[in-house]
Amino acid sequence: MARPYEPASLEQKWQKRWKEEQQHKTREDHAKPKFYCLEQFPYPSGRLHMGHMRVYSIGDIIARLKRMKGYQVLHPMGWDAFGLPAENAAVKYGAAPSKWTYENIAYMKQQLERVGFSFDWSREVTTCSPEYYKWTQWLFLTFYERGLAYRKKASVNWCPECSTVLANEQVIDGLCWRCDSEVTKKDLEQWFFRITDYAERLLKDLDNLPGWPEKVRTMQRNWIGKSEGANITFTIPELDDEPVNVFTTRPDTLYGVTYMVLAPEHPLVPRLIEGKPQAAEVRDFMERMKKESDIARTSADAEKVGYFTGAYAKHPLTGDQIPIWVANYVLLDYGTGAVMGVPAHDERDFAFARKYNLPIKAVINPLDENFLVEEIGVDSPYTDDGTLIHSGPFDGLPNREAIKAIADHLQKLGKGGPAVSYRLRDWLVSRQRYWGAPIPIIYCDNCGIVPVPKDQLPVLLPEDVVIDGKRNPLTTSESFVSTTCPACGGKARRETDTMDTFIDSSWYYLRYTDAANDQLPFDKEKVDKWLQVDEYIGGVEHAILHLLYSRFFTKVLYDAGMLSYEEPFRSLLTQGMVLKDGAKMSKSKGNVVSPDEMIEKYGADTVRLFILFAAPPERDLDWTDTGVEGSHRFLHRVWRFVEGNAALFKGDVPAPRPDQSAAAKELYRMTHFATKKVTEDIGERYTFNTAISTIMEMVNKMYAYPEDADRGTLAFAIERLLLLMAPITPHIAEELWEMIGKTESVHKQSWPDYDPAALVQDEVEIVIQINGKVRDKLIVPNGLSKDELAALVADHERTKALVQDKTVRKVIAVPGKLVNLVVG
RNA sequence: GCCGGUGUGGCGGAACUGGCAGACGCGCUUGACUCAAAAUCAAGUUCUCGCAAGGGAGUGGGGGUUCGAGUCCCUUCACCGGCACCA
């Protein structure tokens with residue numbers, strides 16, 4: 001009586017047993033090589049979605065393989081548990097954010113266990129627990145001690161919907177990354193991390209990350225946005241030669257400057273316009289610019305608007321009078337907030353000069369002799385290379401050389417010099433929200449800003465707060481706000497902002513290495529043992545945000561001597577989205593497929609198999625019901641075959657005798673080939689889809705295996721099949737492994753090797769080509785040399801017929817592959 | 001505009017090092033089993049001409065290198081993503 005495949009009961013049976021045996025606990029064994037396999041930890045939103053299923057399926061297949069290959073594997077899991085949804089839930093349902101969060105964690109943890117992911121839960125990390133955020137605060141203070149955390153008043157991004165400020169990285173196309181509302185500007189005093197100090201290292205070290213996708217490295221390079229050029233100091237005679245710096249990437253065009261433009265918010269503007277007839281309209285313009293959002297103002301097709309201030313600057317080399325303008329297209333926080341205008345050689349300057357009738361002066365002579373210098377500035381600016389003209393002592397110099405020559409010359413004169421500018425801004429880390437780690441800072445009227453002493457951490461989140469989505473909740477807790485100054489003992493008040501949740505997730509991968517440490521965030525020896533993360537798997541939506549911040553954190557902690565690596569993630573795998581009907585799953589589209597329902601219907605193994613089989617990991621995956629059915633069908637097929645042949649394993653199992661028949665030899669070869677292919681595809685190439693397709697081919701061969709062929713070879717193939725399936729579909733592999741009489745878990749077995757000799761075929765099919773076109777195929781003994789092959793083909797009747805009376809000019813023979821006859 | 005990525009059957013995808021394009025799966029067609037259906041097993045399935053044997057075309061388009069190109073080079077188009085009045 002055949003026993004049917006019943007995933008629901010057998011999966012729970014094994015999950016229970018694995019848990020009892022603590023099978024997924026990290027075994028620290030210094031004799032073995034280590035492997036740190038990490039997937040981005042989830043936000044406890046309530047339910048797992050298919051995106052979660054995908055990341056964790058990918059991580060689990062890798063971790064399970066590495067364990068079987070004899071590595072000590074760190075494969076931890078935790079919760080990115082601070083954040084706004086918990087607060088929104090508090091406003092909506094009146095539940096405390098902590099209650100909401102911990103209930104979600106409990107539910108999602110149970111879901112993850114139901115899929116059979118091999119996480120080491122003994123190292124579980126929850127960022128909203130005081131045991132964790134104590135160290136987040138500790139690290140904030142470390143940053144503060146190192147001068148990397150500072151407070152300043154600035155025009156910052158403000159999300160009215162979330163009632164909080166946002167970092168630049170969290171503003172996507174002018175909208176809030178969380179809620180998509182339009183972000184406005186506000187002048188506020190806020191905490192920043194000095195990530196710009198690390199701009200150059202963050203940029204340069206991207207070159208040392210060959211294991212990262214080019215796409216992600218490019219995105220980070222673009223975000224950091226390095227420009228090389230020069231700072232040039234103009235002076236303003238009417239303000240006692242007050243200096244004003246401009247940044248330019250084209251110092252070679254310095255002699256072509258015909259005007260200068262300042263950002264409307266530039267601090268010099270009020271002094272420049274004082275007493276001038278233009279003062280009123282410039283002031284009016286400045287007011288208008290203040291109100292306009294950044295996107296509207298800086299979009300490429302926005303009209304360029306400018307006003308003459310009435311003031312002039314002095315050119316640093318020629319001494320010419322340069323009119324000073326203000327315009328919407330100049331931004332205060334990029335470069336120096338001031339630019340020089342060279343309309344002859346810059347598209348934007350040209351358009352501006354045309355509009356306001358400013359002079360255009362050509363200083364680069366095109367190398368193209370057909371291009372007349374006189375044409376410059378007539379219809380369009382000339383922005384390519386050339387030699388300098390009208391540039392005093394630099395005339396005749398190729399402009400590329402002039403860039404350096406002029407910058408160096410200015411430096412000698414003390415009027416500027418080579419300079420680099422980055423697009424990257426400092427990281428705004430304070431949030432006017434409740435559900436985050438409190439910033440451990442105290443304000444004292446006598447002592448000013450006083451950090452909370454590290455031995456007084458954690459600064460606990462108070463519970464007597466009002467969360468109404470309107471006020472900063474911590475300001476409503478009197479018991480929290482009023483405190484004493486750690487320095488002078490006088491009355492003081494606490495900082496009421498909390499930290500950006502991206503700080504929590506910037507170091508969680510370090511905490512996993514030493515999750516229970518109550519003396520330090522982590523022990524140096526332990527973190528050094530496990531770092532770097534060997535494979536980090538997550539969504540590309542964090543390409544800039546989380547991945548840049550984590551790199552920054554690692555570098556700062558490296559500088560602080562807390563760890564020995566400057567880069568946290570050796571290799572990065574960015575998995576694609578899970579789509580349904582060509583669109584991202586979303587409630588509003590009504591195309592959400594629930595993992596719970598799928599597991600209920602087919603079992604976790606089927607869901608894992610389908611996710612890994614349907615597409616390579618980096619690509620988007622289209623969820624199809626028929627595809628899932630197919631994966632489920634395959635597991636049934638495996639089950640039936642193994643179950644139907646389980647009797648083979650009663651008593652003494654015969655040894656494989658592949659020499660008994662061609663069929664036996666072929667199955668034996670296939671088994672070794674599959675071992676090789678699956679090992680490489682899962683362990684090195686991360687193409688799980690092709691690993692699975694090879695296993696399917698192997699099963700097809702097993703079905704076609706003759707009844708009377710060698711049983712030992714078949715037994716060998718069955719045993720091997722289960723080992724190869726173990727990382728992919730761990731439950732069914734375990735159950736069938738037990739069924740064939742094994743007493744120790746399949747997951748504790750050593751990953752099988754393959755025998756290269758077994759891969760060699762006696763006979764191979766070669767292709768006969770005439771002039772590169774396939775004309776015939778021929779079975780020949782393996783291992784023939786080029787000459788033997790050519791001779792054999794020359795003798796082949798059909799080849800003779802094809803060649804007929806034509807001359808064979810050349811014969812190309814590739815052993816084991818083909819023979820190509822060039823005839824004519 | 002700059003940078004990066006992707007283009008292969010009806011669909012998801014394979015071809016890793018220049019060597020039989022379309023593995024594996026989905027879908028579809030046919031057969032076996034069945035009173036029948038489902039399930040299962042077996043065969044077929046790029047397009048096109050042909051009864052067939054056998055031709056021809058074919059990896060977004062055009063060109064090139066090579067005995068041989070999905071793969072390398074040049075060029076061009078489309079789509080996706082990042083940056084963008086960034087000085």
Side-chain angles (χ1 to χ4, degrees), chain A residues 172-173 213-227 229-230 246-250 253 260-261 263 297-305 327-331 333-342 346-349 351-352 383 421-423 540-541 543-544 579 609-610 613-616 618-631 633-634 636-637 640 677 680-681 684-685 687 689-700 703-704 765-777 809-814 816-824:
Chain A
I172 316 288
D173 292 332
E214 193 53 46
K215 180 183 176 170
V216 174
R217 291 195 285 168
T218 302
M219 282 167 77
Q220 293 211 355
R221 276 190 201 107
N222 285 345
W223 187 259
I224 295 167
K226 180 179 181 175
S227 292
V246 301
F247 174 74
T248 178
T249 53
R250 293 292 304 271
T253 64
M260 173 192 275
V261 191
R297 182 169 148 191
T298 60
S299 80
D301 40 48
E303 180 72 8
K304 290 165 188 56
V305 182
N328 59 345
Y329 71 83
V330 179
L331 307 172
D333 62 358
Y334 183 79
T336 59
V339 300
M340 61 187 210
V342 186
D346 180 271
E347 299 278 354
R348 192 199 44 207
D349 292 350
F352 192 79
T383 55
S421 196
Y422 298 92
R423 216 190 63 91
V540 77
E541 66 272 16
I544 294 171
L579 312 177
L609 181 69
F610 172 71
F613 178 60
E618 299 88 350
R619 274 207 229 182
D620 287 348
L621 181 159
D622 210 347
W623 188 275
T624 61
D625 295 333
T626 50
V628 184
E629 296 274 1
S631 293
R633 199 152 43 214
F634 174 73
H636 270 285
R637 197 168 146 83
R640 273 196 310 274
K677 180 85 175 139
E680 291 169 357
D681 284 358
E684 291 155 35
R685 298 208 309 150
T687 49
N689 54 331
T690 52
I692 292 166
S693 73
T694 305
I695 290 174
M696 287 172 167
E697 279 183 79
M698 183 176 167
V699 172
N700 289 344
Y703 265 87
E765 189 183 60
I766 62 145
V767 168
I768 300 174
Q769 295 183 335
I770 310 278
N771 290 338
K773 284 202 186 286
V774 179
R775 286 296 178 234
D776 199 14
K777 292 172 186 180
R809 292 170 194 266
K810 197 172 174 185
V811 179
I812 290 120
V814 183
K817 292 253 164 74
L818 57 78
V819 173
N820 187 15
L821 304 176
V822 186
V823 305

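Note that the structure is a prediction, hence the values are computed from the model and not measured. Per chain, numbering begins at 1; letters A, B, ... match sequence-line order. Values below: all heavy atoms of this structure, side chains included; hydrogens, waters and symmetry mates excluded.
- Pairing partner, B/C2: B/G82, with both Watson-Crick or wobble hydrogen-bond distances short of 3.5 Å.
- When the C1' atom is compared between B/A15 and B/U71, the two are found 9 Å apart, to the nearest whole Å.
- Proximity note for A/Y334 (side chain, C-beta onward) versus B/G55, B/A87, B/C26: the nearest is B/A87.
- Whole-Å rounding puts the A/K810 NZ to B/U66 P distance at 10 Å.
- On the C1' atoms, B/C79 is 16 Å away from B/U8, given to the nearest whole Å.
- You'll find that the side chain of A/T626 is closest to B/C26, out of B/C26, B/G82, B/A87.
- Comparing B/G54 with B/G4, their P atoms are spaced 49 Å from each other, to the whole Å.
- Salt bridge A/K817/A/E765: absent, no basic N to carboxylate O contact under 4.0 Å.
- Per the geometry, CZ belonging to A/R809 stands 16 Å off P belonging to B/U66, to the nearest Å.
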* Asked: Tell me, for nucleotides 8-17 of chain B in 5' to 3' order, what letter each nucleotide earns: B for a base near a protein heavy atom under 4.0 Å, S for only sugar-phosphate near one, - for neither?
  -> ----BSSSB-

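- Judged by distance alone, the side chain of A/Q769 and the main-chain N or O of A/L818 form no donor-acceptor pair under 3.5 Å.
- Between A/Q220 and A/V767, the residue whose closest nucleotide on RNA chain B is further toward the 5' end is A/V767.
- A side-chain donor from one of A/N700 and A/R637 sits under 3.5 Å from a side-chain acceptor of the other.
- On a pure distance criterion of 3.5 Å, a polar donor-acceptor pair joins the side chain of A/K304 and the base of B/C85.
- Taking atom OH on A/Y329 and atom C1' on B/C85, their separation rounds to 8 Å, with Å as the unit.
- Between B/C11 and B/G60, the distance separating the two P atoms is 14 Å to the nearest Å.
- Taking the side chain of A/E697 as heavy atoms from C-beta on, and the options B/G5, B/A23, B/A21, the nearest nucleotide is B/A23.
- Separating the CZ atom of A/F610 from the C1' atom of B/C26 is a distance of 9 Å, rounded to the nearest angstrom.
- We find that CD1 of A/I812 is positioned 14 Å from P of B/G19, with the value rounded to whole Å.
- Counting only N and O atoms by type, the side chains of A/T690 and A/T687 include a donor and acceptor under 3.5 Å apart.
- The distance between atom CG of A/D349 and atom C1' of B/C85, rounded to the nearest whole Å, is 10 Å.
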* Between protein and nucleotides 40-48 of chain B, map the contacts as a letter string: B base, S sugar-phosphate only, - none, heavy atoms under 4.0 Å, written 5' to 3'. => SSS------

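- No cation-pi contact links A/R423 to A/Y334, judged by a cut-off of 6.0 Å to the six-membered ring centre and 45° from its axis.
- Atom P of B/A39 sits at a distance of 13 Å from the matching atom of B/U29, rounded to the whole Å.
- Without hydrogens or angle criteria, A/N771 side chain to A/V823 main chain gives a donor-acceptor distance under 3.5 Å.
- Distance noted for atom C1' between B/G58 and B/A52: 24 Å (whole Å).
- At a threshold of 4.0 angstrom between heavy atoms, the contacts of A/Q769 include nucleobase atoms, whether or not backbone atoms are also involved.
- Heavy atoms of A/G630 sit under 4.0 angstrom from primed sugar atoms or phosphate atoms, though from no base atom.
- As rounded to whole Å, 5 Å separates atom C1' of B/G19 from atom CG of A/L818.
- Taking every heavy atom of both residues into account, A/T336 and A/F247 meet most closely at OG1-N, 3.4 Å.
- Nucleotide B/C16: unpaired (no Watson-Crick or G-U wobble partner with both distances less than 3.5 Å).
- A donor-acceptor distance shorter than 3.5 angstrom exists from the side chain of A/N820 to the backbone of A/G772, with no hydrogens or angles considered.
- Within 4.0 Å (heavy atoms only), A/V822 reaches sugar-phosphate atoms of the nucleic acid but no base atom.
- Comparing the same atom, C1', in B/A78 and in B/G25 gives a spacing of 28 Å after rounding to whole Å.
- Across the strands present, B/A42 finds its partner in B/U30; the criterion is a Watson-Crick or G-U wobble pair with both atom distances under 3.5 angstrom.
- Atom NZ of A/K773 is separated from atom C1' of B/A57 by 9 Å (rounded to the nearest Å).
- Remark on RNA chain B: of its neighbouring residues A/R423 and A/A338, the 5'-side contact belongs to A/R423, judged by nearest-heavy-atom nucleotide.
- Comparing B/G22 with B/G44, their P atoms sit 14 Å apart, to the nearest whole Å.
- Distance alone, capped at 3.5 Å, is enough to place a donor-acceptor pair between the A/T248 side chain and the A/R250 backbone.
- Between the side chain of A/D349 and the main chain of A/V342, a donor-acceptor pair closer than 3.5 Å is present.
- In terms of modelled atom types and a separation under 3.5 Å, the side chain of A/T624 and the main chain of A/G627 share a donor-acceptor contact.
- For B/G25, the paired base is B/C11 (Watson-Crick or G-U wobble, both distances below 3.5 Å).
- Below the 3.5 angstrom threshold, one finds a donor paired with an acceptor across the side chain of A/N820 and the base of B/C67.
- When atom types are taken as modelled, the side chain of A/N328 and the backbone of A/K304 share no donor-acceptor pair closer than 3.5 angstrom.
- Among the atoms of the strands shown, none is found under 4.0 Å from any heavy atom of A/E347.
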